[in-house]
Structure formats: C-alpha cells, structure tokens
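So the structure is just underneath, and the comments pick up after that.
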Amino acid sequence: MYFKFTNSILRTALPYSLLIFTISFFLLSCSKEEKITMIDTTPISIEIDGYKNLKKDEITLLGKVTYLNDEKIIDFGWIIQERLFDESGKEKVVETTISMGKDPKVGTVEYHYKPKKKFEFNQDYSYFLYLKTEENVYRSESNSFVFNGLVIKTEKTLKAAFGDQVTIEGDFSMINSDFQLQIDDFTTTSIPYEVKKNGTILNFQFPKNPGNIFSGEELNITLNKVDRNKTYRAIIGKIKVIATAEVSAKLSYKFSESIDFTSNDYSPSNPRNGYLKLLIGDNIIDFTNNVYFRHLKKVSPTMRIGYINDRDTVIFKDVVTFELPDQKLINFSSIAVHPHSDFKLTGVNFGQYFTNLNPIALFDNKYQISYHENNNSFVVPDIPDGTYSLTLRYPIGTLNIPKNIEVRKLKWTSLSTINPHYGETVTIKGNFIKGQEYRILTPENQDQATVVAEKENQLEVVISPRSFSSGEWKIGYRDQDYNFTYNDKSQFVTIKSPVLTSASPLRGRIGQVITLKGAGISYINRVMLGDMDVYRTEINNNEIQITVPSYAPKGKMRLSIITKDQINTLPELFEVY
C-alpha cells in the first residue's frame, strides 16, 4: 500500500515540479536588463545662400547647416577658390581655407571675410562650405562672385536727348583706359568718356542719332573690357531717348503762314514714340512739322516758341512776331458811310495778315463798330455825324488807319422836277455817297427802283413805267442786313404820260419811214396808224421811227400812241398815197 501511495505521489507531484521550475527560470531570466545602441545614418546637409556687401576688400558669405547626424565633427568652414591664368592662358586654381571650428549648429551661417589682398578686378572667385567628420567629408554646392568695383548711385534709367551730356554717379575708381563705353544700336565701337572727382563721376556725350533710333526707346549703357582672354561687360545704366524739336530760323510771319518744326528723333507713326508737345505762345499742341497760326486757339502780338518732352520744358530764346500791313496803303471802300450800313478796307490783302481774326474796331477810340468776317466788312452804328479815325485792335497787333471816314445820316433836299415824263432823267440832291446803293420807294411800296449814286451828293434816275409811279416818294439805303433804311422825308411826284408832238414826213407810200417825236414816247405800249398796229424802232427817249406797212390803204389817217390805256393822238393826219 505504501509503494503504491508513494508512486502515486510521484506521479502526481512530478508534473507540478516541472511547471514550477520552468516558471522560476523564466522569472530569473527576465530580471536581467539588456542595452541596444541605435546609429543615425542620415547624411549631414549644408547649403550656400549667396553673399552680400561685396567690396574690394571684404565680402559677407552666407550659408546654412540644415542637418547634423551623430558623426564626430573635426573641422567646419569655407573654402574660397581663385581661378588664375598664366601668360599662356593655362588655368590655375588657388584655394584659401577658412576654418570656423568643430562645433557647427543647425541654422544660418554668416562669415565676414577680409582677404589678405584686395579682390582683383574682374577676377572669378568661387566658394563653398565644407564639414569634416571622422568618417566623411561634406561640402555644399559652390557659388561664385566677380568683383568689378562699380557702384552705381544714379537711377538705373536716365532720360537724355541726342547730344546731351550724361553724368552717372558711383564708384568708378577701378576704371582705366582699357575700358570701352558702348550704347546699344550705335555703330561706333567706343564712345568717349571721362571719369572725374576721384572716380565718383563718369561723363560722356550722348552721340547724335545714327538715324535708326526714335524717342521713347531704351538703350543699354555698358562698360566693356577684354582681359586675359576674358570679356568683361557691365551694364551701368539705361538711356531712355527723349524727343527734341527745332524751329525754323524765321521769326516774323504773316498770320496766314505756318511755323515749321523738325525733329530727327520723333515720329508720330512710331508705336514706341516718346512724348513731344509744341509750345506756341499759350498753346500746347501735339508735335507736327507745320503749324498754321490761324489754327491756334490763342494768339498774341509776340509769342515764345518751345517744346515739352517727358523731361524738360524748352523755350527758345527768340520771340515770334507778326507782320502788319503798311497802314499807309490802307484805304476805305467809300469816303463816307451812313449809320447801319457797312464799308470795307482796301489797298492790302487783309486775308494774309488777319485770317480768322476778329478785331475790336473803334471810331475815335470811342464808338465800337461791328466786324463781319464773312464779307470782311465793318458796320457803323447810329452815331453822330462827323469825321472819324478808325483803330483796329487785332489779337496780333493794332492798326491805326491814317485816313478818316465820314459818317452821314441820310438827308436829301430836292428833285430836278416833280412832274417828269417816263424816260426822263430826274436828279435828286442830298448827302448821297458815291458808290452807295439807294432805293426810291413809290406809293404803297408797289413800285421801287434801286440806283447807285454815280456822283457824290446826287442821284440820277430814269423814270420807267415798270419802277415808278405817281405819288409820295421816299429814299433809303441798304443796311448791313440787306434791308433798307428810309429817310423820313417824302415828296409827291406826278409822272406825266408820253406825249406825241410831231411826225415827219406827214405823207408817204408803203415802206416810207416816219419819225415821231414827243416826250417819253420810247416808253409807249403801242403805235397806231389809223386802226393798224405798226412796228416801231426806238431812237431815244423822245424819238421813234415807224414804217408804213404793206397792208396800209391809201388815204389820210390818224397817228396815235398808247400808254397804260391812255391814248395820245397827233392833231395832223398822215396820208398814204
């Protein structure tokens, strides 16, 4: 029973003993700490940011450390390389190493470098950052700089006209006779220049237009040098071409003429054109080659001439004046004038001197009279009778007419007859003006006659049935509006009918010519031989001729004249035989 019991215990305890051992071993193993080391294998990163403050004896180099790993750094800094050429043109690189220690930091790197000797003009330099560790050597990309010694203080773009002196301010101390100044589009290889005031000013004259450049264009100004098989070219500024103008040498003009301008650098058709305006007195107009004074809005006796471009206002020293006509040659179209009528000036071509100019016209510098430009006439207002001097104040000058003109209010006194026959000439006395047109108005404005005074102070009119009738006559003259102004005076006139007083001969055959005489018989309507109308031939106002017609019967018959239904018969009879 014991063995069995013991064996049973063993069979029961053994599995448990193995389990306890296993757990105990695992626990003992876990109680010991294990250490693991991680190594950063990301590469170190450094970069170049450029440079600033480049001068002949210093420069500030800019860089950046963007990443550091666990490598042990043994040196960090800059390497500057200078590329040199010997006389044969073989290249040699000289390096300068600048250490900045062993402890770089992530971030911007800035180093103010002063070389042992000044930077060579037009020499190529390159530089880069380096970083050495126990395991590796790192370097950034390289950057380069060339020292040319030029510091430009003047505005980048200058405005200049051909022939101008151009000044550029800056530091030109490095420039010598080996440098050539050139400007775009000029065929000359070199433009003369001067460096003054310790190298702070460069002067040159902008050459004349070679013929292919217009205002408004921008041209590069460059300094060029060929050195050790290497070309140096620096743009030191730009010239914007400004337009200029020149005026003809003529200074005195008739107002009808034009003033002429030229410009060798301005073309209105060029789309890149600059700005150019002409100054003529108080007028500012677009540039054109020919400017007619009559087209200007404002004129004066003297006018300054010039132009405006997009830099300057230029006024020429000479003054333009206008020619006035010789006043001694000026006459009046009439020696006298009635109020409200007009007169003209003769003797000179006023169109050449005063086209489109309306003067202020004064009689005795007191009474203003009107000027009508459409027919170049002056209209007299209703002013007192008298003799007046005429002054014309034009915008370009004043004319004092040396001759005088008389103003007359129309007056008439008498007629040579108040009982005229038709065809009779009547002379009317009054202060009529030779050459003036007058009108005689007969009753109820039904009949009227227009006549020009052929002599001073009198009118002569021929009485015609078409224009005159008996009744009150009034006399007037044409005013500036082509109406007639009539004098208040009137005269009753009775016009007598034509009278037949004689015939010669008083007998004749068919075809016989008979002469009839009387008063005003040329204005009759008909001639009757008996009861026959016969053809007449007028000789003068008081004499006509007739011919005995072929159909006239033999015998004695009356001779009569008919006027406006009035019959006048010769007392004697005419005989056809």
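We're numbering straight along the sequence, starting at 1. Quick note: numbers below take in every heavy atom, side chains included, and nothing from hydrogens, waters or symmetry partners.
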| said: Can you confirm if the aromatic rings of Phe293 and Tyr253 lie within a centre distance of less than 6.0 Å? | reply: yes
| query | Are the aromatic ring centres of Phe363 and Tyr388 under 6.0 angstrom apart? | reply | yes
| field | Distance-only polar pair, side chains of Asp184 and Asn220, donor-acceptor under 3.5 Å | value | yes
| request: Please assess Val379 against His340 for the test side chain to side chain contact (heavy atoms under 4.5 Å, CB included), listing each intermediate value before the final yes or no. | output: CA-CA 6 Å; Val379 179; His340 304 300; 5.6 Å; no
| request: Inspect the surroundings of NZ in Lys238 and state if more than 12 heavy atoms from other residues, nucleotides or ligands are less than 6.0 Å away. | output: yes
| message | Heavy-atom count check: over 12 atoms from other residues, nucleotides or ligands less than 6.0 Å from Asp488 CG? | response | no
| query | After noting the C-alpha distance and the side-chain angles of Gln491 and Ile418, does the key distance pass the side chain to side chain contact (heavy atoms under 4.5 Å, CB included) rule? | reply | CA-CA 8 Å; Gln491 173 67 53; Ile418 59 173; 3.7 Å; yes
| query | Are Asp265 and Ser263 linked by a side-chain donor-acceptor pair shorter than 3.5 Å? | reply | yes
| For Lys366, does its backbone N or O pair with a side-chain atom of Asp364 as donor and acceptor, under 3.5 Å? | no
| field | Shortest non-hydrogen separation from Ile433 to Ala453 and the atoms involved | value | O-CB, 3.4 Å
| said: Counting C-beta onward and ignoring hydrogens, is there a side-chain heavy-atom pair between Phe186 and Asn209 closer than 4.5 Å? | reply: no
| Would a 4.5 Å heavy-atom cut-off, applied to side chains only, mark Ile191 and Ile221 as touching? | no
| field | Sequence neighbours excluded, every pair satisfying salt bridge (Lys or Arg N to Asp or Glu O under 4.0 Å) that has a member inside residues 420-440 | value | Glu437-Arg478
| request: Determine, stepwise, if the pair Tyr477 / Asn487 fulfils side-chain hydrogen bond (donor to acceptor under 3.5 Å, both in side chains). | output: CA-CA 9 Å; Tyr477 58 89; Asn487 183 275; over 6 Å; no
| task | Tell me yes or no: between the side chains of Asp260 and Thr262, is some donor less than 3.5 Å from an acceptor? | result | no
| task | Would you check if the side chain of Asp342 reaches a backbone N or O of Ser377 as a donor-acceptor pair within less than 3.5 Å? | result | no
| query | Do Tyr535 and Thr547 come close enough that some side-chain heavy atom pair is under 4.5 Å? | reply | no
Let me check something: any side-chain donor-acceptor pairs from residues 165-176 under 3.5 Å, sequence neighbours excluded? List them with distances.
residue : atom : partner : partner atom : Å
Thr167  : OG1  : Asn203  : OD1          : 2.7
Asp171  : OD1  : Ser173  : N            : 3.1
Asp171  : OD1  : Ser173  : OG           : 2.8
Asn176  : OD1  : Asp178  : N            : 2.9

| field | Residue Lys455 excluded, over 12 heavy atoms near NZ under 6.0 Å | value | no
| message | For a 4.5 angstrom cut-off between non-hydrogen side-chain atoms, does Ser416 reach Val426? | response | yes
| What is the minimum heavy-atom distance between Ile514 and Ala503, and which atoms define it? | CG2-CB, 4.2 Å
| query | Does Ser467 reach the main-chain N or O of Ser464 with its side chain, forming a donor-acceptor pair under 3.5 Å? | reply | no
| Lys297: what forms a side-chain contact (heavy atoms from CB on, under 4.5 Å) with it, not counting sequence neighbours? | Asn283
| Within a reach of under 6.0 Å around NZ of Lys403, are more than 12 heavy atoms found that belong to other residues, nucleotides or ligands? | yes
| note | Scanning both residues in full, the closest heavy-atom pair of Phe322 with Pro301 reads CD1-O, 3.7 Å
| task | Go through the side-chain N and O atoms of Thr563 and Asn525 and say whether any donor and acceptor fall under 3.5 Å apart. | result | no
| What is the minimum heavy-atom distance between Asp185 and Pro210, and which atoms define it? | O-CG, 4.0 Å
| Does Arg536 use its side chain to pair, donor to acceptor, with the backbone of Ile524 at less than 3.5 Å? | yes
| request: Output every pair passing ring-ring contact (aromatic ring centres under 6.0 Å, His included) with a member in residues 389-421, not counting sequence neighbours, ordered by first then second residue. | output: Phe354-Tyr394
| Would you find a donor on one side and an acceptor on the other, under 3.5 Å apart, between the side chain of Asn542 and the backbone of Gly520? | yes
| Got a salt bridge between Asp310 and Lys240, using NZ or NE/NH1/NH2 to carboxylate O under 4.0 Å? | yes
| Does CD1 belonging to Ile284 count more than 12 external heavy atoms closer than 6.0 Å? | no
| query | With a 4.5 Å limit on heavy-atom distance, are the side chains of Ile463 and Tyr523 in contact? | reply | no
| query | Are any side-chain N or O atoms of Asn431 and backbone N or O atoms of Lys409, one a donor and one an acceptor, separated by less than 3.5 Å? | reply | yes
| said: Please check this pair: side chain of Asn376 against backbone of Glu373, looking for a donor-acceptor N/O pair closer than 3.5 Å. | reply: no
| Between Glu460 and Gln458: side-chain donor-acceptor atoms closer than 3.5 Å | yes
| request: Show your reasoning for whether side chain to side chain contact (heavy atoms under 4.5 Å, CB included) applies to Val493 and Phe468. | output: CA-CA 10 Å; Val493 176; Phe468 293 92; over 6 Å; no
| Test log, rule side chain to side chain contact (heavy atoms under 4.5 Å, CB included), inputs Thr391 and Thr398 | CA-CA 7 Å; Thr391 299; Thr398 298; 3.7 Å; yes
| field | Polar side-chain atom of Glu218 near backbone of Ile239 as donor-acceptor pair, under 3.5 Å | value | no
| said: Tell me whether Glu155 at atom CD has more than 12 heavy atoms from other residues, nucleotides or ligands lying less than 6.0 Å away. | reply: no
| field | Exam field: side chain Glu217 to backbone Phe214, donor-acceptor pair closer than 3.5 Å | value | yes
| field | Asp382 side chain to Pro339 backbone, donor-acceptor under 3.5 Å | value | no
| message | For the aromatic rings, using the six-membered ring if either is Trp, is the centroid distance between Tyr353 and Phe255 under 6.0 Å? | response | no
| query | Should we count NZ of Lys489 as having more than 12 external heavy atoms under 6.0 Å? | reply | yes
| request: Could you tell me whether Trp473 and Phe492 have their ring centroids closer than 6.0 angstrom? | output: no
| query | Do Glu538 and Ser522 get their side chains close enough for a donor-acceptor pair, meaning under 3.5 Å? | reply | no
| message | Looking at every non-hydrogen atom in both residues, tell me the closest pair between Pro384 and Tyr367 and how far apart they are. | response | CD-OH, 3.9 Å
| message | With salt bridge (Lys or Arg N to Asp or Glu O under 4.0 Å) as the rule and sequence neighbours excluded, what pairs involving residues 278-292 come up? | response | Lys277-Asp286
| said: I want to check something: taking the side chain as every heavy atom from C-beta on, are Asn404 and Phe332 in contact at a cut-off of under 4.5 Å? | reply: no
| query | Is the shortest distance from a Lys or Arg side-chain nitrogen in Lys254 or Glu323 to a carboxylate oxygen in the other one below 4.0 Å? | reply | yes
| field | Partners meeting ring pair (Phe, Tyr, Trp, His ring centres under 6.0 Å) with Tyr438 (sequence neighbours left out) | value | His338, Phe432
| request: Determine whether the side chains of Tyr266 and Asn309 contain a donor N or O and an acceptor N or O closer than 3.5 Å. | output: no
| request: State, yes or no, whether a side-chain contact exists between Leu150 and Ile236 at a heavy-atom distance under 4.5 Å. | output: yes
| request: Measure the shortest side-chain to side-chain distance between Val314 and Thr244 over non-hydrogen atoms and say whether it is less than 4.5 angstrom. | output: no
